[in-house]
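Order of listing sets the numbers, starting from 1, for every ligand and every atom in it. Every heavy atom of this structure was used, including side-chain atoms; hydrogens, water molecules and symmetry mates were not. Quantities reported herein were computed from a predicted structural model and do not represent experimental measurements.
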Amino acid sequence: SANSRFSTATESSFNRRTPPRVPNLIGGAFVDSKSASTIDVINPATQEVVSQVPLTTNEEFKAAVAAAKQAFPSWRNTPITTRQRIMLKLQELIRRDMDKLAENITTEQGKTLKDAHGDVFRGLEVVEHSCGMATLQMGEYVPNVANGIDTYSVREPLGVCAGICPFNFPAMIPLWMFPVAVTCGNTFILKPSEKDPGASIMLAELAMEAGLPRGVLNIVHGTNDIVNAICDDDNIRAISFVGSNTAGMHIYGRACAKGKRVQSNMGAKNHGIVMPDSNKEATLNALLAAGFGAAGQRCMALSTVVFVGDSESWVNDLVERAKGLKVNAGVEPDADLGPVISKEAKERICRLVQSGVDGGAKLLLDGRNIVVPGYEKGNFIGPTILSGEEIFGPVLICMKADSLDDAINIVNRNKYGNGASIFTTSGAVARKFQTEIEAGQVGINVPIPVPLPFFSFTGSKASFAGDLNFYGKAGVNFFTQIKTVTQQWKDLPSGVSLAMPTSQ
Ligand code: NAD
């Protein structure tokens with residue numbers, strides 16, 4: 001299909017292949033990898049092979065790093081206003097191509113077109129935010145710290161930085177990374193998810209069209225080997241990672257041992273607490289959207305609901321409403337939720353549901369055997385709701401608590417700390433929840449409290465490793481280092497004193 005071709009250079013060898021090969025981007029050129037090993041990118045609604053991702057060779061990886069290193073000196077010396085203007089142009093181009101980007105995401109990732117638009121839009125907001133980078137990275141100045149001496153600090157780029165992406169937000173997460181990094185004056189190596197790399201290529205094409213110079217943004221594809229090469233390469237100063245705990249903690253350990261900065265956003269198990277005084281209608285709708293939107297494949301999805309006291313009886317209404325959700329291919333206009341990413345993911349989810357049932361949980365709604373007409377081969381799972389003890393699985397688990405304290409304890413027992421929400425009309429309850437809950441992103445009558453880019457994405461506990469979070473002020477700090485300058489401009493003193501200088 002037209003959607004699976006890369007517009008970059010239609011005559012290029014990667015486009016002549018069937019299926020097309022996803023190109024690398026090295027030093028401003030979209031190039032076909034010489035590697036003979038590839039991974040199929042599969043449309044999860046149809047099993048059609050959309051394209052093939054190369055396992056980039058070590059030589060090609062080194063060439064990408066060399067290109068980024070070579071581009072750095074002139075890019076860091078490019079005025080910040082010029083760098084901001086490229087972002088201003090990029091946001092315009094992303095808006096222009098929003099539909100194409102969303103279509104590609106639905107083809108490769110499976111989420112509904114409407115949800116795919118949200119994926120792009122949430123990333124676009126980071127590009128918009130990067131347009132104000134000059135203000136965000138302003139330094140500090142104290143005049144006359146001693147007689148004729150001033151001290152000031154400036155934020156400077158690090159050099160070559162890298163980003164490693166997960167499958168679930170093919171546009172938003174690359175856009176969490178490279179716009180902030182490059183507008184701060186760094187050059188970048190992006191490693192998209194091997195499951196859905198198309199959006200990254202389209203975004204890079206737009207960045208080049210917006211005027212990003214050659215070598216400032218590079219893309220290499222692959223899996224574990226290329227990730228390890230990124231961790232080990234001494235020319236790379238910082239790594240942004242988003243994905244699972246297994247990969248994230250491996251990358252954090254390996255790259256930190258090499259002296260790199262790492263920000264690692266990882267897995268989650270987010271809880272929503274429902275108080276009996278909450279607005280029932282709004283709360284149930286919020287739970288459906290946050291539990292089953294994107295087929296539960298959001299790191300801020302609500303996967304467990306804790307009903308406090310009398311709200312427990314709402315479970316039946318939740319099940320009834322979940323039955324009404326339409327499972328279909330993401331391209332179909334009536335789809336509420338699309339397929340999960342792969343056959344393996346579907347098998348894993350079904351296995352977890354079964355182990356919950358075997359462990360005594362009650363299956364209130366079973367979406368495992370769903371068949372979607374016209375898409376019989378798709379990796380579909382309908383909304384599934386379990387009640388009883390907590391089990392680990394990407395389905396909505398409903399639990400009961402006698403009091404708010406019990407509910408808070410249930411949430412805080414879990415090792416993750418990405419997000420947690422409460423639904424209530426009581427300010428006192430909300431305030432207690434906000435204070436005592438051990439999650440980095442708290443929602444009060446808000447099911448998916450992902451902060452906009454002037455704040456940061458602040459997962460905590462096992463959901464994050466590192467010191468400086470993604471985007472917002474922390475994101476700018478992550479991609480810059482402080483230089484503190486002490487200057488003396490006065491008629492210089494005569495004579496020598498070897499005593500420690502003090503400010504008098
Ligand atoms: P994943 O960890 O399997 O893959 C992420 C990236 O790491 C990919 O680019 C992959 O090639 C690479 N990778 C995977 N295993 C590796 C290994 N052993 N060694 C080196 N590299 C490896 O994650 P995924 O399945 O693509 O994404 C889903 C996960 O991401 C979920 O756990 C979800 O909660 C999490 N996530 C978290 C956030 C957040 O902000 N906290 C956001 C989105 C997704």
Q: Would you call E438 and R413 a salt bridge, taking side-chain N to carboxylate O under 4.0 Å as the test?
A: no
Q: So for atom CD, which belongs to Q70, do other residues, nucleotides or ligands contribute more than 12 heavy atoms lying within a distance under 6.0 Å?
A: no
Q: For atom CG of D467, is the number of surrounding heavy atoms from other residues, nucleotides or ligands below 6.0 Å larger than 12?
A: no
Q: As an exercise, state the distance from CZ of F464 to CD of Q263, rounded to the nearest 0.5 Å.
A: 6.5 Å
Q: Less than 4.0 Å between a side-chain N and a carboxylate O, is that true for D196 and K111?
A: no
Q: Name the orientation class of the two ring planes belonging to F470 and W176 (parallel below 30°, tilted from 30 to 60°, perpendicular beyond 60°).
A: tilted
Q: Tabulated below should be the N or O atoms of ligand 1 paired with protein N or O atoms at under 3.5 Å; can you produce that?
A:
residue, atom, partner, partner atom, Å
ligand 1, 2 (O), S244, N, 2.9
ligand 1, 2 (O), S244, OG, 2.5
ligand 1, 9 (O), C165, O, 2.8
ligand 1, 9 (O), K191, NZ, 2.8
ligand 1, 11 (O), K191, NZ, 2.9
ligand 1, 11 (O), E194, OE1, 2.7
ligand 1, 23 (O), S244, N, 3.4
ligand 1, 26 (O), F167, N, 3.0
ligand 1, 30 (O), G243, O, 3.3
ligand 1, 40 (O), N265, ND2, 3.0
ligand 1, 41 (N), M266, O, 2.8

